[in-house]
Colleague: 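Have a look at the structure that comes next, please.
First listed ligand is number 1; within each ligand, the first listed atom is number 1.
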Amino acid sequence: MKKLAAVFLAGIMCASLAACGSGAADDAASTDTQTATEETVEETEETADDAAAADTEGETAEAGEVTTVTEGILTMGTNAAFPPYEYYEGDTVVGIDAEIAQAIAEKLGLSLEIVDMDFNSIITAVQSGKVDVGIAGMTVDPERLENVDFTDSYATGVQVVIVTEDSDIASVDDLEGKLIGTQEGTTGWDYCSTDYGDDMVIPYTNGATAVQALLDGKVDCVVIDQQPALSFVEANEGLKILETEYAVEDYAIAVSKDNTALRDAINTALNELIEDGTVQGILDKYITAE
Ligand code: ARG
C-alpha cells in the first residue's frame, strides 16, 4: 500500500504540471490507452461547441448505438487523486472506476478515454458535453441530481474522519470548534460546511493535500471517503481513522440529462457486470477486507 500511495502522489505532481500527459489524447483514441489530460475552464467551454456538433452527427448512427461526445469513444471525466478508485500508475489512470469504465465501454463497443480534472469540474464537464460520463467515486446527491442524471449505484461510500494519533477528537461528535480539512466540492465538504459553518471547513484541491495539511498541523482532522482515507493513513505515519462514520453514500456514474440513451445503455451494461460478478471482482482486487 505504501508503494501505491507513493505512485499516487507522484501522479498528482505529474497532473499539476500542465505539460504532463497533454497531446496524448489522439493516441488514446486509437489504442485504448488511457490518457490523463490537464484541463482548463476555457477548454471545457470550447469543447461544448464541438460536442454539440458531434451530437448532431451522431444521430445518423445505427439503431442501438449510443451517441458519445467523440464517436466510438466513451470519454470519462474523473479526478485521479482518489485511490483506490482512481490514481496514477506512471502516466496511466488506474483503479476501480477505470476498470469498471473499461468493462462498460467494452460492452458498449466503445474504447475508453480518461480525462483527469478537478473534482469540482466534473459535473460541468458532463453537462457541457466535454465528457460523456463522470466516474469518480461520485456520490449521488440531490444537488447534483438537479444538473446531471446518475446511473444505478455500483458501490457504497462512507465518509470518515482522519485525525492524528494523539488527537483529542475521539468521535464525530467532537468536531465542533475544530478546523476540518476536506476535498473541495465533495460531499464531505458539503456536510461539514452545513454542520459546522464555512469558516471551520478548509477546502483543498485533493485528498492528499488535505492530509498534508493535517500532518502540518494546519487542520485538526480531514473528512473524506473511507477507501482513500485508508490509503492515506497507510502511507503516512501518525494518522488514524475514527471508528464512528460521518455518512454512508452511494457511488454512481454521472451522465448528461440530454443523453438518457447513454444512461440506459450504461445501466444495462452495469447491471450485467454486477450480476456476473465482474464489479465485485474489481472491488475485491482493490479493496482488501479489513
Ligand atoms: N464521494 C465524494 C463525493 O462524491 C468524494 C468523491 C471524490 N472523488 C474523487 N475522484 N476525487 O463528493
Colleague: Could you list all the salt bridge (Lys or Arg N to Asp or Glu O under 4.0 Å) pairs where at least one residue sits in residues 269-284, not counting sequence neighbours?
Modeller: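 Applying salt bridge (Lys or Arg N to Asp or Glu O under 4.0 Å) to every pair that reaches into residues 269-284, excluding sequence neighbours, yields Lys107-Glu272.
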Colleague: Counting only heavy atoms from other residues, nucleotides and ligands, does the tally under 6.0 Å from CD of Glu165 exceed 12?
Modeller: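 Yes, enclosed.
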Colleague: Applying ring pair (Phe, Tyr, Trp, His ring centres under 6.0 Å), which residue pairs with at least one partner in residues 247-280 are found, sequence neighbours left out?
Modeller: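 For residues 247-280, and leaving out neighbouring residues, the ring pair (Phe, Tyr, Trp, His ring centres under 6.0 Å) pairs sorted by first residue read Tyr85-Tyr251.
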Colleague: Can a donor-acceptor pair be found, under 3.5 Å and without considering hydrogens, that links the side chain of Asp149 to the backbone of Lys257?
Modeller: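 Between the backbone of Lys257 and the side chain of Asp149 there is no qualifying donor-acceptor contact (under 3.5 Å).
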Colleague: Distance alone, cut at 3.5 Å: any donor-acceptor contact between the side chains of Ser256 and Asn259?
Modeller: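 There is no such pair (donor and acceptor under 3.5 Å, judged by atom type) between the side chains of Ser256 and Asn259.
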Colleague: What are the atom names and distances for all N or O pairs under 3.5 Å between ligand 1 and the protein?
Modeller:
residue	atom	partner	partner atom	Å
ligand 1	1 (N)	Gly137	O	2.8
ligand 1	1 (N)	Thr139	OG1	2.8
ligand 1	1 (N)	Asp225	OD2	2.7
ligand 1	4 (O)	Thr139	N	2.8
ligand 1	4 (O)	Thr139	OG1	3.2
ligand 1	4 (O)	Arg144	NH1	2.8
ligand 1	8 (N)	Ala136	O	2.7
ligand 1	10 (N)	Asn79	O	2.9
ligand 1	10 (N)	Glu86	OE2	3.0
ligand 1	10 (N)	Ala136	O	3.2
ligand 1	11 (N)	Asn79	OD1	2.8
ligand 1	11 (N)	Gln183	OE1	3.4
ligand 1	11 (N)	Gln183	NE2	3.1
ligand 1	12 (O)	Arg144	NH1	3.4
ligand 1	12 (O)	Arg144	NH2	2.8
ligand 1	12 (O)	Thr187	N	2.7
ligand 1	12 (O)	Thr187	OG1	3.4

Colleague: Please identify each residue that fulfils side chain to side chain donor-acceptor pair (under 3.5 Å) with Asp168, with sequence neighbours left out.
Modeller: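 For Asp168, the residues satisfying side chain to side chain donor-acceptor pair (under 3.5 Å) (neighbours in sequence not counted) are Lys178.
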